[in-house]
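Below is one structure, written out as structure tokens; comments come after it.
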Amino acid sequence: MSKTSQQNTTTDANGVSVIHTPAHTSGLQQVPQLVPVSPGGGGKAVPPSKQGKKNSFVDRNSDEYRQRRERNNMAVKKSRLKSKQKAQDTLQRVNQLKEENERLEAKIKLLTKELSVLKDLFLEHAHNFADNVQPVGTDTTTTNPESSAQ
């Protein structure tokens, strides 16, 4: 048995061909495949769950419609609140980071000043130390024995 002999093809009102194949003996469910009818493939294939919704008349006074609208309105409200909360959290985080940045910049200024003072002290100490140390081999405090004999 070939696959083409097992397939059933139907066309729905939206111009979509649906190919039905029998389920295998392994217990798998049958899944329809959507194929555009036009050979150029100009339209989109519509899944079966969306096929009847465009053309169906919606009674705006029905309980089902009001329940769907109420659920949708609640979902929209929840989504907008969530979005607003996220924006507020982001703004709060930005303000915290700005404050931390200002504190760190102030600390950098303080540490830079401290480093400058310590460098100056070190250089002054090194200069004074160099002035007090005499080079090796030049002793100015001892007298030359030849010059004292005369």
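Scope of the values below: all heavy atoms of this structure, side chains included, with no hydrogens, waters or symmetry mates.
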### Query
Given a cutoff of under 4.5 Å between side-chain heavy atoms of I, L, V, M, F, W and Y, with clusters grown through shared members, what are the other residues clustered with Leu123?
Phe122
Side-chain polar contacts of residues 93-120 - donor-acceptor pairs under 3.5 angstrom, sequence neighbours left out - could you list them?
residue : atom : partner : partner atom : Å
Asn95   : ND2  : Leu91   : O            : 3.4
Thr112  : OG1  : Ile108  : O            : 2.7

### Query
For Glu70, which residues count as a side chain to side chain contact (heavy atoms under 4.5 Å, CB included) partner, sequence neighbours excluded?
Met74
### Query
What pairs with Arg71 under side chain to side chain contact (heavy atoms under 4.5 Å, CB included), at least two apart in sequence or on another chain?
Gln67, Arg68
### Query
Can you pull the side chain to side chain donor-acceptor pair (under 3.5 Å) pairs that have at least one residue in residues 75-86, sequence neighbours excluded?
Gln85-Asp89
### Query
Can you name the residues that form a side chain to side chain donor-acceptor pair (under 3.5 Å) with Arg66, not counting sequence neighbours?
Asp63
### Those residues that, when tested against Asn73, pass side chain to side chain donor-acceptor pair (under 3.5 Å) (two or more places apart)
Arg69
### Task
I would like to know whether Glu124 and Asn128 meet side-chain contact (heavy atoms from CB on, under 4.5 Å); could you show each step before the answer?
CA-CA 6 Å; Glu124 184 180 330; Asn128 288 339; 4.1 Å; yes
